[in-house]
**Student:** 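This structure is in structure tokens; I'll ask about it shortly.
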Amino acid sequence: MSIICVKKQIVLLMGGHMKKHLLFFVLLVVWFLIPFQKVQASNSDYKHILILNSYHSGFQWTDNQTEGILSALSMDNPHYNISIEHMDWKRYPTDKNLDNIYKSLQDKYALQKIDVVVTTDDAAFYFALENRSTIFSDAPVVFCGVNSTGLLQAKDESNYTGVLEEIYPEDTIRAALKINPSINTIYLIYDNTESGMSTGELCIKAANKVNSTLNVISLNQESSTDIINQLPDINQNSIILITTYFTDLDGSPINHQAFCKKISSESYVPVYHLYDFGMNQGVFGGYLTTGRQQGMEAGELANRIIKGEKADEIPILSLKSSHFTYDYLVAQKFQIKKSQLPLQNITMNKPFSFLETYRNLVITVLFIIILLASFSGVLLFYIRKINKMKYKLAQNNEELSQLYEELSATEEELRAQVTDISDAHEQLEEYSTKLHHLAYHDTLTGLYNRLYLYEEIGEKLEDNSYEGAMYFIDLDNFKFVNDALGHSIGDELLIAISNRLLTLTSKNIALIRLGGDEFVFFASKIKSKEVAKDFAVKIINIFSSNFDINENRLSVTVSIGIAMFPENGASIDKLLRNADMAMYKVKNNGKNGYYFFNNQLKEELMERINIEKNFKNALEYKEFQIHYQPQIKIGTDNIDGFEALIRWQNKELGMLSPIKFISVAEETGFITVLGEWILKTACNTVAKLNQKLNQSFNISVNISVIQLVQDDFVKVVKKVLKETCLSPELLELEITESVIMESQELVTEKIKILRKLGIKIAIDDFGTGYSSLSYLRNIPITTLKIDKLFVDDIGNPLSNTDVTDTIIDLGHKMNLTIVAEGVETKEQLTYLKQNGCDKIQGYFYSKPLPIQKLEEFINNYQQLDFG
Ligand code: C2E
Ligand code: CA
Ligand code: CA
């Protein structure tokens, strides 16, 4: 039985809250543990505790106390043998009852060992004290439910201790006043039993203590019905305070709970109570004395005694209630707010609020829900993303398959097109061959053209081991053919020339027409200059016979510039440039020949460019000067006249020989300006000199072919003569033999006019050209100048004087004056004198002199002895 009790207590202890599942677990553990331990312990180990209740089972106050005791005992030690007895003193407070109780308990316990007797309320306490020696093993007694007044009866006893039953009317009244400060009346309900009277008295005292003006009305002299009947009339500023009320005025028992319920339902003011058993009936609350608390404390004391403490040594406990207990529903009914209540309070009957009860759980669950929601959110986001991607993929897939279909459709078309294209390709190749031929060939002659040279031959040149020679061929005087005979004859001549040149081509020798009268032989496999020279001679020889074009017999010569590769250039451009340069050298040297390119040519070219540049200001800066070389008349040995020879002193280039710059002046056209200046200056100087010295010296002026071919040449000469007042008979114009030969027709007329004016005409450098003297018959010249080349032969044992002799002989036959130039030695002079030369010019007499020096020479001439 005791074990069952303990289990029950645990259930009660834990309360009926949410911890039920946890409780179930604990219960299970306890259930299995307890019997096991019981088996282990021997009977003698068990302590026998008797709980003796004054009142009956079912009376709440008593039941609460018993529960309290049991809970304390079971908490402390499960090895208790607990017996519970009820004296039922409230319902049967009679001696007969006492006798019966005594007999019954004696039967039960006289022969048993009782270790502690725990009593609830006064009757059981006194009974235990009085009878313990006979039936309760003289055990120590622990009481509860006895107030200080009740305790007085035991003042002579010992071996007991307990818990004083105290009530807290003062705290309760103070709380009521705090809730409603205007309270002025307290209706006090208690019965006229011993305990009722004593509690009533305590309440009155307490009320006075709190506030002496409080009107305390004790209702103990009224029946329960009267009390209930007067309730509707009681003052609003009052409270009802119920304490011990178990007996009506007539002594009949009162069902306290039912009474409390009735009072509460009838009352318009809050009903306060001092015991916990009054609650749950509509009573508002109070600082409550609880049976359970009383029991628990008593149980604790019993534990201490069992553990060995002496009851007398344990002081009697006095409890203090620290919390104000109130009924939530009643507070609502009277509109009492929580803030009006004492701070420490216990709420009863509060309707179940899930949120409040499971606050932590709710928070946890909410947290989890939020967490889950956010997870789901993230998940949803990604699912959506994935779906979108899937959708896109599907779309792309569709597009792809469409594209695939289109592609396979076009494949067939493509095949058809491929056939068309290959047809077109064949045609194109045909055209291309044609075009290629057109592009690489000259239309007039059918020879390869410049493009072919650059593209096809140029490619071969990239190989450095490729050796050979490039021949740059320029026809001499082709311009005159074109001008004189017309372009169609010119074209036919070019075709005829091409055909002749073609005979020289072979596998390794290509012929190219660059344009105009320019041709190129590109000969590979020529490894030395000797071999290259042989081929140049072959070219020249091809032109030895005349060309018969439309009844014109034409004599053609060529100037050939040769560039060797790779040493003179590894590209067509460079080779062409260098071969061209070499060709020009031939032209300058009198044409009709060949010349190998060398680096000096390049320097010459640079010099030419420099010269050209400096011409611009030379006249203005007075850089030109004329020197005069005397000509001595054989026979008289007098000074006959002078040859004017130009000199150029330039800051940058220094003293320049006319041989160098005259040709440049001719090419640039500057010669026309310069030539006029020379003519004018020379004429002017000699005119003045003649005047000054009263002499009639002749003046010979060199005339360039370029000057001569100018339309206004005669006009210019006339003008100069007029301006300088020189007599035309004293002027002699020197024209180079080659010039006259090249342009006979052009110049003959002019020479005739000049001759008519009285001007003399000398053929310079006579004998150097290949011309025969026969053509001279048609030109009215006056003088022949034997070139220094032939004069040099005089006295030279390795050569002969045939040319000089012939010139003199022939010249005299034609009634021409013969001048020998470059005479340096006495021997030359003597020979020339003996052979009838008319005039002598040379260093033997004098170098060309500036005018001051010339005057000196003239003045000193008579004294000079030339032997
Ligand atoms: P050129 O007309 O045959 O002139 C004769 C050249 O022989 C002159 O050279 C003269 O100084 C040089 N000379 C004369 N006697 C001797 C001598 O005994 N020994 C040596 N070694 N040389 C002698 P320069 O003055 O250097 O002129 C060279 C050429 O330049 C001229 O040859 C002529 O063709 C041209 N030239 C000179 N002045 C003029 C000019 O005013 N106008 C034109 N168009 N050409 C000129
Ligand atoms: Ca001359
Ligand atoms: Ca000369």
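Remember, it's a predicted structure, so these values are computed and weren't measured experimentally. Starting from 1, each residue takes its place in the sequence as its number. Read the numbers this way: they start at 1 and go in the same order the structure lists the ligands and their atoms.
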**Student:** Is it true that, when you exclude Asp802 itself, more than 12 heavy atoms of the residues, nucleotides or ligands shown sit nearer than 6.0 Å to its CG?
**Tutor:** yes

**Student:** Nearest heavy-atom pair of Ser498 and Thr445: which atoms, and what distance?
**Tutor:** OG-CG2, 3.1 Å

**Student:** If you measure from atom 10 (C) of ligand 1 to every heavy atom of Asp787, Val701, Leu645, Leu708, which option wins on shortest distance?
**Tutor:** Leu645

**Student:** Please state whether Lys785 comes within less than 4.0 angstrom of ligand 1, counting heavy atoms only.
**Tutor:** no

**Student:** Whether Lys538 engages the ring of Phe535 as a cation-pi pair (distance to the six-membered ring centre under 6.0 angstrom, angle to the ring normal within 45°) should be assessed.
**Tutor:** no

**Student:** Pull out every atom of ligand 1 sitting under 4.0 Å from any heavy atom of Asp765, numbered as shown with elements.
**Tutor:** 3 (O)

**Student:** Need the ligand 1 atom indices (1-based, order shown) with element for anything under 4.0 Å from a heavy-atom of Ile646.
**Tutor:** 38 (N), 39 (C), 40 (C), 41 (O)

**Student:** At a threshold of 3.0 Å, where the distance has to be below it, does the Ca ion (ligand 2) have an N, O or S atom of Glu821 nearby?
**Tutor:** no

**Student:** Can an N or O of Ile662 be found at a distance shorter than 3.5 Å from an N or O of ligand 1?
**Tutor:** no

**Student:** Glu821 heavy atoms, cut-off 4.0 Å: which ligand 1 atoms fall inside?
**Tutor:** 3 (O), 5 (C)

**Student:** Test your reading of the structure: does Gln629 have an N or O sitting under 3.5 Å from an N or O of ligand 1?
**Tutor:** yes

**Student:** May I ask you to check if any N/O/S atom from Asp765 comes under 3.0 Å of the Ca ion (ligand 2)?
**Tutor:** no

**Student:** Can you confirm, on distance only, whether ligand 1 has an N/O atom lying under 3.5 Å from any N/O atom belonging to Gln841?
**Tutor:** no

**Student:** After noting the C-alpha distance and the side-chain angles of Trp677 and Phe670, does the key distance pass the ring-ring contact (aromatic ring centres under 6.0 Å, His included) rule?
**Tutor:** CA-CA 11 Å; Trp677 179 84; Phe670 178 65; over 10 Å; no

**Student:** Does Arg500 make a cation-pi contact with Phe547 (under 6.0 Å, within 45 degrees of the axis)?
**Tutor:** yes

**Student:** Is it true that His627 lies under 4.0 Å from ligand 1, counting heavy atoms only?
**Tutor:** no

**Student:** If I compare all heavy atoms of Leu832 with all of Val823, which pair ends up nearest, and what's the gap?
**Tutor:** CD1-CG2, 3.5 Å

**Student:** Applying a heavy-atom cut-off of 4.0 Å, say which part of Val823 lies close to ligand 1: side chain, backbone, both or neither.
**Tutor:** backbone

**Student:** Can you confirm whether Asp548 is buried at CG, in the sense that more than 12 heavy atoms of other residues, nucleotides or ligands lie under 6.0 Å from that atom?
**Tutor:** yes

**Student:** Which ligand 1 atoms does Ile678 reach within 4.0 Å, using its non-hydrogen atoms?
**Tutor:** 41 (O)

**Student:** Check whether the ring centres of Phe522 and Phe565 lie less than 6.0 Å apart, and answer yes or no.
**Tutor:** yes

**Student:** What angle sits at the Ca ion (ligand 2) between OE2 of Glu643 and OD1 of Asn702, to 10°?
**Tutor:** 90°

**Student:** Which of the atoms in ligand 1, numbered in the order shown and given with their element, are less than 4.0 Å from a heavy-atom of Pro848?
**Tutor:** 11 (O)

**Student:** Taking atom types as modelled and ignoring hydrogens, do the side chains of Gln629 and Gln841 form a donor-acceptor contact shorter than 3.5 angstrom?
**Tutor:** yes

**Student:** So among Lys760, Glu732, Gln631, which one has a side chain to side chain donor-acceptor pair (under 3.5 Å) with Asn698?
**Tutor:** Lys760

**Student:** Please could you name the atoms of ligand 1 that Glu643 approaches to less than 4.0 Å, counting only its heavy atoms?
**Tutor:** 2 (O), 4 (O)

**Student:** With the Ca ion (ligand 2) as the point of reference, which N/O/S atom of Asp764 is the closest?
**Tutor:** OD2

**Student:** Is the shortest distance from a heavy atom of Arg647 to ligand 1 less than 4.0 Å?
**Tutor:** yes

**Student:** Regarding ligand 1, does Gln707 bring an N or O atom to under 3.5 Å of one of the ligand's N or O atoms?
**Tutor:** no

**Student:** Report yes or no: is the cationic atom of Lys533 (NZ for Lys, CZ for Arg) closer than 6.0 Å to the six-membered ring centre of Phe596, at no more than 45° off its axis?
**Tutor:** no

**Student:** State whether Asp476 and Lys587 are salt-bridged, where the test is any N-O pair (Lys NZ or Arg NE/NH1/NH2 against Asp/Glu carboxylate O) under 4.0 Å.
**Tutor:** yes

**Student:** For the Ca ion (ligand 2), which N, O or S atom of Glu734 is at the shortest distance?
**Tutor:** OE1

